[in-house]
Peer 1: 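Pasting a structure here, questions to come.
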Amino acid sequence: MVLLTMLLSTVTACSITSGKSVIRSETHLQTEKLLERGLRAQQKNNIQQAEQLFADALALSSSIEDNPDRVIALVNLARLNRLGGKIDASRLYIDQVLQICIAHPEFTSEVTYEKALVEIALNNNTDALKWASRALDAENGPSKGVRRNLLARIQLINGNLDIATKTATIALQENRNNDLPEEEANSLRMLGDIELESRRLESAEKQLLEALEIDKRTGASAKIGLDLEKLAEVAERKNEPLQNADYLERACSVHLSAGRRDKAVFILQKLIKAYQKNGDTRAAEKAKSALEQLMSKTVPYTSSTSEMANPSSKP
Amino acid sequence: MIREEDPRFKHLERKIGLFIAVSLVGIVLAFLFYGIQKDFFAATYSLHFTVDRGTGFSKGMPVKLSGFRIGRVTSISLNDQAMVDIAIELDKKYRTWIRSDSVVKLVKEGLVGDNIIEVSAGSQDKPEIKDNEAIVYVKTKALDEMADEIAEKIKPVLVEVRDIIGYINNPDGDLKKSIHNLEVLTRNLEGTRRNTDRLLVSANGSIERLSSKTDTLLDTASKKVEDLDLAPTLNRVNLAIDNIDKKLPQLLEKADATLTDISGFSREARILSESAFPKIPGLLSQTEDVMLGTDRLINSIQNVWIFRNNTPPPAGKLFIHGDSNE
């Protein structure tokens with residue numbers, strides 16, 4: 001009992017003497033709550049609600065000139081719009097943040113990183129490279145590998161394979177060290193892609209399979225589809241038509257199940273060619289009719305559409 | 001020597017002198033009158049302007065302001081640029097109206113009248129034009145120029161009119177054909193009327209036949225209805241109504257009781273809600289306060305030195321994850 005009293009006294013004393021106590025105003029707390037709720041809505045894929053909550057947070061933080069929260073709200077709005085394909089809106093938001101974050105260097109890395117992503121979406125690769133380099137320079141925390149991944153991606157787009165390989169290799173190590181599996185998979189996929197471009201097919205397959213395994217673990221559906229597409233390309237170049245068709249079927253099934261109809265249509269077209277190349281006319285015909293159905297349908301995914309993606313598995 | 005004097009020549013010198021004096025006075029008066037008429041004695045000042053053609057201008061032609069003669073053309077001469085310099089002399093008393101924005105133009109007085117020079121009155125805020133200064137000349141269109149312009153404008157209209165008349169007169173044109181068709185139609189109208197009359201007569205007969213058949217049909221139907229035996233059906237309906245009569249009072253009693261219960265329940269609910277509703281805003285406010293208090297408590301706890309190092313900064317956590325490959 002005495003010990004407990006002593007412990008409590010010590011804790012209280014320490015808390016009193018541990019410098020200035022941070023008392024957040026009600027407006028600050030409300031802004032943070034809105035940002036948290038927006039983040040949760042985005043994670044649940046309620047994009048419209050998330051956008052509204054971030055906009056409310058932006059208004060509230062602007063009303064008290066709470067620049068850190070304004071930066072967060074604006075970056076999140078820019079990111080949401082970019083991911084939703086509204087690049088012009090995204091650019092407007094991120095350009096606003098760039099003005100504010102001059103006085104807040106702690107956000108420079110995140111803001112310039114998003115700016116680089118927006119520039120990539122606008123096909124301004126030169127500007128994107130400039131902003132990605134600034135993001136990497138400004139980063140002092142565990143996201144160094146993330147920033148470097150983006151740099152490698154831009155180098156890969158620009159066709160600088162050697163620089164991209166070096167950058168992605170360092171990024172892979174950094175992401176492994178910082179336990180960032182999604183970015184680790186990104187590094188591996190990029191390295192696999194580079195190997196594929198350089199016609200080192202065995203190495204490419206190894207990297208891509210590793211990336212696929214991580215993506216499956218993290219449950220990143222779009223990336224699983226992407227890995228499978230790349231693996232199908234490797235199999236095609238290795239002249240393994242059956243393996244190629246198998247990967248394409250799997251990729252198509254993944255995209256269809258996640259409701260990415262356009263991607264599924266694109267892969268089905270590739271799949272038809274693969275079947276025709278294999279001489280499997282029956283499967284090609286089935287895939288063709290599945291493609292026609294898919295292109296005429298406006299209904300969302302059903303189990304029957306999933307079966308469409310895998311015509312060879314049917315009797 | 002006798003000097004014979006004609007009484008008619010008596011005071012002849014004086015009479016001649018008087019006649020000459022009266023004549024001279026008359027001549028002077030006439031000259032004065034002419035001079036006044038021609039503004040010879042009025043105080044004048046000169047202005048000049050340049051025109052590209054001297055046609056229509058003549059020496060001595062009047063210069064008018066608002067229809068009043070205020071001066072005349074004093075000289076017309078060809079200058080070095082083969083243009084015509086015209087000098088005008090204006091009465092000084094009208095000087096106040098001739099300002100730097102005044103303009104002169106050559107106009108005709110009426111349709112067949114003489115050419116005159118018309119001066120426009122200037123703005124009072126502009127300075128007066130001084131003696132021997134230039135005044136702006138504005139070229140007006142001559143009658144032949146205006147006629148040419150009108151002719152140019154009318155020409156396409158006349159061409160259109162000619163085309164329209166040609167179109168109307170064309171025997172193979174739509175209009176002539178339409179008139180011809182209308183004529184044929186009018187001629188055939190009599191035959192059509194005759195056919196319609198025949199059709200109406202035959203329709204009348206048909207309606208009479210139809211009417212007699214309908215009468216027969218209605219008679220038959222009436223007989224059939226009379227032959228129908230509705231007694232069993234009516235008996236069954238009576239039985240059903242009797243049953244309903246017996247059960248209805250009980251049902252109504254139950255419904256009454258239920259309604260009384262509902263009424264009591266709604267009264268109680270209203271009393272409850274009346275007592276509860278005013279408390280709701282207060283409760284909500286209290287709940288909000290409690291939640292805010294909890295937030296503050298958590299915030300304070302996060303700032304306690306024991307937890308502070310282990311609590312990650314919220315800023316980073318609040319960003320949406322930005323994937324490098326998206």
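Chain A is the first sequence line, chain B the second, and so forth, proteins listed ahead of strands; every chain is numbered from 1.
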Peer 1: Does some side-chain heavy atom of A:H104 sit less than 4.5 Å from a side-chain heavy atom of A:P68?
Peer 2: yes

Peer 1: Looking only at heavy atoms, what is the nearest atom pair of B:R99 and B:K126, with distance?
Peer 2: NH1-O, 2.8 Å

Peer 1: Less than 4.0 angstrom from a charged side-chain N to a carboxylate O is my criterion; do A:E183 and A:R176 meet it?
Peer 2: no

Peer 1: With a 4.5 angstrom heavy-atom cut-off, is it the side chain or the backbone of A:L39 that approaches chain B, or both, or neither?
Peer 2: side chain

Peer 1: Testing the basics here: between A:A128 and A:I120, what is the closest heavy-atom pair and its distance to 0.1 Å?
Peer 2: CB-CG1, 3.6 Å

Peer 1: What part of A:N186 gets within 4.5 angstrom of chain B, counting heavy atoms only: side chain, backbone, both, or neither?
Peer 2: side chain

Peer 1: Based on non-hydrogen pairs under 4.5 Å, which of A:M190, A:K33, A:E106 is most in contact with chain B?
Peer 2: A:K33

Peer 1: Which answer fits A:L151, side chain, backbone, both or neither, if we ask what part of it has an atom under 4.5 Å from a heavy atom of chain B?
Peer 2: neither

Peer 1: Has B:Q124 got more than 12 heavy atoms of other residues, nucleotides or ligands less than 6.0 Å from its CD?
Peer 2: yes

Peer 1: Using a strict threshold of under 4.0 Å (side-chain N to carboxylate O), is an ion pair present between B:E226 and B:K223?
Peer 2: no

Peer 1: Quick one: of A:L35, A:L117, A:V146, A:N76, who has the most non-hydrogen atom pairs under 4.5 Å with chain B?
Peer 2: A:N76

Peer 1: Non-hydrogen atoms of chain B under 4.5 Å away: do they reach the side chain of A:R82, the backbone, both or neither?
Peer 2: side chain

Peer 1: Which bit of A:L83 comes within less than 4.5 Å of chain B, counting heavy atoms only: side chain, backbone, both or neither?
Peer 2: side chain

Peer 1: State, to 0.1 Å, how close A:L58 and A:R70 come at their nearest heavy-atom pair, and which atoms those are.
Peer 2: CD1-O, 4.1 Å

Peer 1: Heavy-atom distance under 4.5 Å to chain B: side chain of A:E114, backbone, both or neither?
Peer 2: neither

Peer 1: Side chain, backbone, both or neither: which part of A:R147 has a non-hydrogen atom closer than 4.5 Å to chain B?
Peer 2: neither

